[in-house]
Amino acid sequence: MPTPPEIDRQAQLAAPRPEYDGGAGPLAVAPKVFRDELAAAAEWVAGYLQEIPQRPVTRPMPSAHRQAMAAGSLPQEGQDLGALLEFVDRAIAPYPTGNGHPAFFAWINSPPSPAGVIAELLATAVNATCGMGEHALMDLERGVLRDLASLAGLAPTAGGVLTSGGSMANLLCLGAARTWFLRRHGVTDGPAYDQAHARLVAYHSDQAHMSVAKAAAVIGLPPWRLRAVPTTPDRTMNVDALRTMVDADRTAGLLPFCVVSSLGSTATGAVDAIEEITHVCHRSGLWHHADGAWGGLGALVPELAPSYRGVAGLDSLTVDPHKSLSVPVGCGAALVTDPSRLRDAFTFRASYLEGDQDWPWMSDYTIELTRPGTRALTLWATLRHLGRSGVAALLQRHQDLAGYMRQRVREHPLLDLCTSGPLPVVCFRLAAHPEAGRQGKTDLHTAVAARVQARGHAYLATVSHDGQTVLRACVCNYLTTTADVDILLHEVLAAAEHLQTV
């Protein structure tokens with residue numbers, strides 16, 4: 001067979017390209033049209049982000065619009081790209097959740113960083129499948145995970161995998177813990193595996209995020225073998241109670257295998273005692289996983305550092321860069337002191353998928369085979385934009401603003417500060433307002449939050465605290481200022497006054 005001629009790729013690239021004539025398929029777009037629409041979209045994005053502080057925090061979606069959006073409306077003929085920007089501007093942008101606004105305090109949901117917005121576009125254009133094969137973004141992911149683990153204070157051996165968020169990261173770490181525990185006891189398959197699995201027990205604080213229970217359910221752990229450990233008055237896990245529960249389960253013939261601690265509970269920002277829980281785990285041969293989706297990087301803040309003593313002794317840690325660091329949504333991390341534990345749990349082979357053993361595919365560390373490269377580049381861009389000192393300064397800024405809010409609440413005669421953890425979340429209640437007719441204070445706080453949200457100048461949530469519903473505000477927006485805190489408290493008091501008079 002004759003050798004095919006060499007292809008002169010440079011000549012091909014240098015040759016004049018024919019004008020687009022529609023023959024390249026229905027997705028093809030003329031280069032000039034694409035450039036013009038891309039420029040228009042970039043201009044819109046810049047204007048949209050700049051104008052967010054002047055807009056309402058959120059805006060209720062009209063019922064008719066909601067129904068129309070949910071119904072689907074695919075036309076027979078396609079539209080030009082200009083219709084996309086018009087649609088987003090008219091039908092999507094006016095109805096935000098509100099997390100981009102500096103006066104949004106409801107949930108741990110930050111706005112996108114400028115570096116992340118640009119990186120998202122670039123990574124989308126590259127469109128890498130960062131699960132299999134070779135790609136620079138997979139190696140970038142390995143490096144940025146080491147950076148993230150270092151920021152968290154984990155051991156130098158730590159690595160892992162980027163995920164869609166904390167829920168997936170908690171799932172992966174619980175799956176790794178299960179495989180590690182069973183293999184450590186010589187159980188890998190067959191009836192022995194089934195019998196041992198039916199006796200596994202895991203533990204978490206009664207303040208744990210609901211994703212922990214979801215993760216346990218997905219790996220086959222029923223609710224009656226997931227123990228909610230009671231907490232102390234400061235909302236941290238009662239380590240004595242944990243120790244007692246583990247001992248009781250072992251005596252009953254069960255197999256305790258994992259404890260999940262909280263590094264920043266969603267409700268109050270509580271941080272569990274890492275060292276004490278690790279001691280219990282080591283004594284009983286358990287894996288210690290910490291859910292630090294929100295507060296996993298708290299060791300960088302001097303006032304928080306004492307609460308993070310022993311973080312290097314964790315077996316695994318969840319961190320959500322799309323929370324504390326404002327990386328665009330869809331970027332969490334499962335960090336494991338020994339990353340091979342993830343591979344033990346999630347590596348599966350097929351004849352059409354043969355990876356490099358020296359540089360394992362990232363899909364070996366997770367349940368995803370197809371993975372977007374946007375996570376690695378948006379995290380890398382945001383971290384490089386901040387630097388280590390900038391990350392610490394950003395977290396410190398959130399702490400300072402929460403401290404300012406707590407002080408304002410303490411000083412106001414109509415507000416009471418509730419117990420909360422060290423992270424930047426503030427739980428408070430109305431102190432001096434009498435009950436409004438038959439409406440108790442619990443209902444009043446719910447009504448106050450709803451009215452604040454409806455007015456659109458600020459946004460906060462409610463939470464159950466000692467059996468009562470109180471107001472809850474967290475700080476995780478790099479644009480938030482003390483003026484936004486003042487607006488929030490003004491709106492709360494104005495809403496309460498209004499509700500007392502109707």
Side-chain angles (χ1 to χ4, degrees), residues 96-100 104 106-113 116-117 119-120 123-124 130-131 137 141 144-145 147-149 151-152 154 159-177 204 207-219 260-267 269 289-298 314 316-336 342 345-346 362-363 365-383 391 395 398 423 425 461 474 476-478:
T97 300
N99 55 297
F104 181 87
W107 304 298
I108 309 164
N109 228 337
S110 59
S113 70
V117 171
E120 184 97 14
T124 301
C130 285
L137 282 174
E141 180 171 345
V144 81
L145 282 162
D147 291 338
L148 196 63
L151 289 170
L154 294 179
V161 67
L162 294 178
T163 68
S164 59
S167 295
M168 180 61 76
N170 284 336
L171 171 61
L172 296 179
C173 291
L174 259 66
H204 64 72
Q207 298 294 304
H209 192 273
M210 64 179 180
S211 64
V212 176
K214 279 189 175 184
V218 171
I219 68 168
V260 180
S261 58
S262 295
L263 303 189
S265 64
T266 302
H289 170 65
D291 180 3
W294 174 29
L297 303 181
L314 291 170
S316 59
L317 172 68
T318 287
V319 176
D320 269 2
H322 66 208
K323 288 186 172 71
S324 53
L325 297 181
S326 285
V327 174
V329 167
C331 184
L335 300 172
V336 182
L342 285 171
F346 300 109
M362 296 308 293
S363 57
Y365 298 85
T366 179
I367 63 174
E368 294 179 292
L369 179 59
T370 302
R371 304 175 61 251
T374 52
R375 298 169 184 164
L377 193 60
T378 54
L379 176 54
W380 182 90
T382 302
L383 288 177
V391 172
L395 300 179
H398 296 162
L423 293 187
V425 60
C474 65
C476 61
N477 190 321
Y478 67 89

Please give me the minimum heavy-atom distance between Ala176 and Ala345, naming the atom from each residue.
CA-CB, 3.9 Å
When every non-hydrogen atom of Val144 is compared with those of Ala376, the smallest separation belongs to CG1-O, 4.5 Å
With Thr318, which residues qualify under side chain to side chain donor-acceptor pair (under 3.5 Å), at least two apart?
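For Thr318 the side chain to side chain donor-acceptor pair (under 3.5 Å) partners, ignoring immediate neighbours, are Asn170, His289.
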Going by the rule side chain to side chain donor-acceptor pair (under 3.5 Å), which residues pair with Asn109 if we only count those two or more places apart in sequence or in a different chain?
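Checked Asn109 against side chain to side chain donor-acceptor pair (under 3.5 Å); zero matches.
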Looking at every non-hydrogen atom in both residues, tell me the closest pair between Thr378 and Gly116 and how far apart they are.
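Scanning both residues completely, I find the closest heavy atoms to be CG2-O, 3.5 Å.
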From SG (Cys130) to CG (Leu369), nearest 0.5 Å:
11.5 Å
Could you measure the distance from the SG atom of Cys331 to the CD atom of Glu120? Nearest 0.5 Å is fine.
9.5 Å
Asp320 (side chain) donor-acceptor with Trp294 (main chain) under 3.5 angstrom:
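Absent.
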Side-chain touch Ser324/Leu395, heavy atoms, less than 4.5 angstrom
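Yes, at least one pair of side-chain atoms sits under 4.5 Å.
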Contact summary for Ala290 and Leu314, nearest pair of heavy atoms
CB-CD1, 3.7 Å
Find the distance between OG (Ser316) and CG (Leu174) and round it off to the nearest 0.5 Å.
7.5 Å
Please find the pair of heavy atoms, one from Leu297 and one from Leu148, that lie closest to each other, and give the distance.
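Between these two residues, the closest heavy atoms are CD2-O, 4.1 Å.
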Go through the structure and list residues passing side chain to side chain donor-acceptor pair (under 3.5 Å) with Ser363, not counting sequence neighbours.
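So Ser363 forms no side chain to side chain donor-acceptor pair (under 3.5 Å) with any residue.
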For Ala267, which residues count as a side-chain contact (heavy atoms from CB on, under 4.5 Å) partner, sequence neighbours excluded?
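Partners of Ala267 under the side-chain contact (heavy atoms from CB on, under 4.5 Å) test: Gln207, Val463.
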Could you walk me through whether Val425 and Ile108 pass the side chain to side chain contact (heavy atoms under 4.5 Å, CB included) check?
CA-CA 9 Å; Val425 60; Ile108 309 164; over 6 Å; no
Set of side-chain contact (heavy atoms from CB on, under 4.5 Å) partners for His209, sequence neighbours left out:
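Counting only residues at least two positions away or on another chain, His209 forms a side-chain contact (heavy atoms from CB on, under 4.5 Å) with Ser211, Thr266, Asp291.
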Measuring from atom CE of Met362 to atom CG of Leu342, what distance do you get when rounded to the nearest 0.5 angstrom?
9.0 Å
Residues passing the side chain to side chain donor-acceptor pair (under 3.5 Å) test with Ser262, sequence neighbours excluded, are none
Locate the shortest heavy-atom distance separating Ala333 from Thr163; write the atom from each residue and the value.
N-OG1, 3.7 Å
Pair Leu383-Leu151, side chain to side chain contact (heavy atoms under 4.5 Å, CB included): steps then yes or no:
CA-CA 10 Å; Leu383 288 177; Leu151 289 170; 3.8 Å; yes
Could you give the distance from NE2 (His398) to SG (Cys476), rounded to the nearest 0.5 Å?
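Rounded to the nearest 0.5 Å, the NE2-SG separation comes to 6.5 Å.
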In this structure, CG of Leu172 is separated from OG1 of Thr366 (nearest 0.5 Å) by 4.5 Å
Using side chain to side chain contact (heavy atoms under 4.5 Å, CB included) as the criterion, point out the one residue from Pro112, Ser110, Pro321 that pairs with Val327.
Pro321
Does Leu377 reach the side chain of Leu379, with side-chain heavy atoms less than 4.5 Å apart?
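The answer is no; the side chains never approach within 4.5 Å.
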Residues two or more places apart in sequence or in another chain: which of them pass salt bridge (Lys or Arg N to Asp or Glu O under 4.0 Å) with Glu141?
Arg371
State whether the side chain of Arg375 and the backbone N or O of Gly330 hold a donor-acceptor pair below 3.5 Å, judged by distance alone.
yes
Do Leu145 and Leu162 touch side chain to side chain, with heavy atoms closer than 4.5 Å?
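Of all side-chain heavy-atom pairs linking Leu162 with Leu145, at least one is under 4.5 Å.
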Salt bridge (charged side-chain N to carboxylate O under 4.0 Å, His left out) partners of residues 161-175, not counting sequence neighbours, each pair once
none
Tell me, do Leu263 and Leu423 make a side-chain contact under 4.5 Å, heavy atoms counted?
no
Looking at residues at least two apart in the chain, or sitting in another chain, which of them share a ring pair (Phe, Tyr, Trp, His ring centres under 6.0 Å) with Phe104?
Trp107, Tyr459
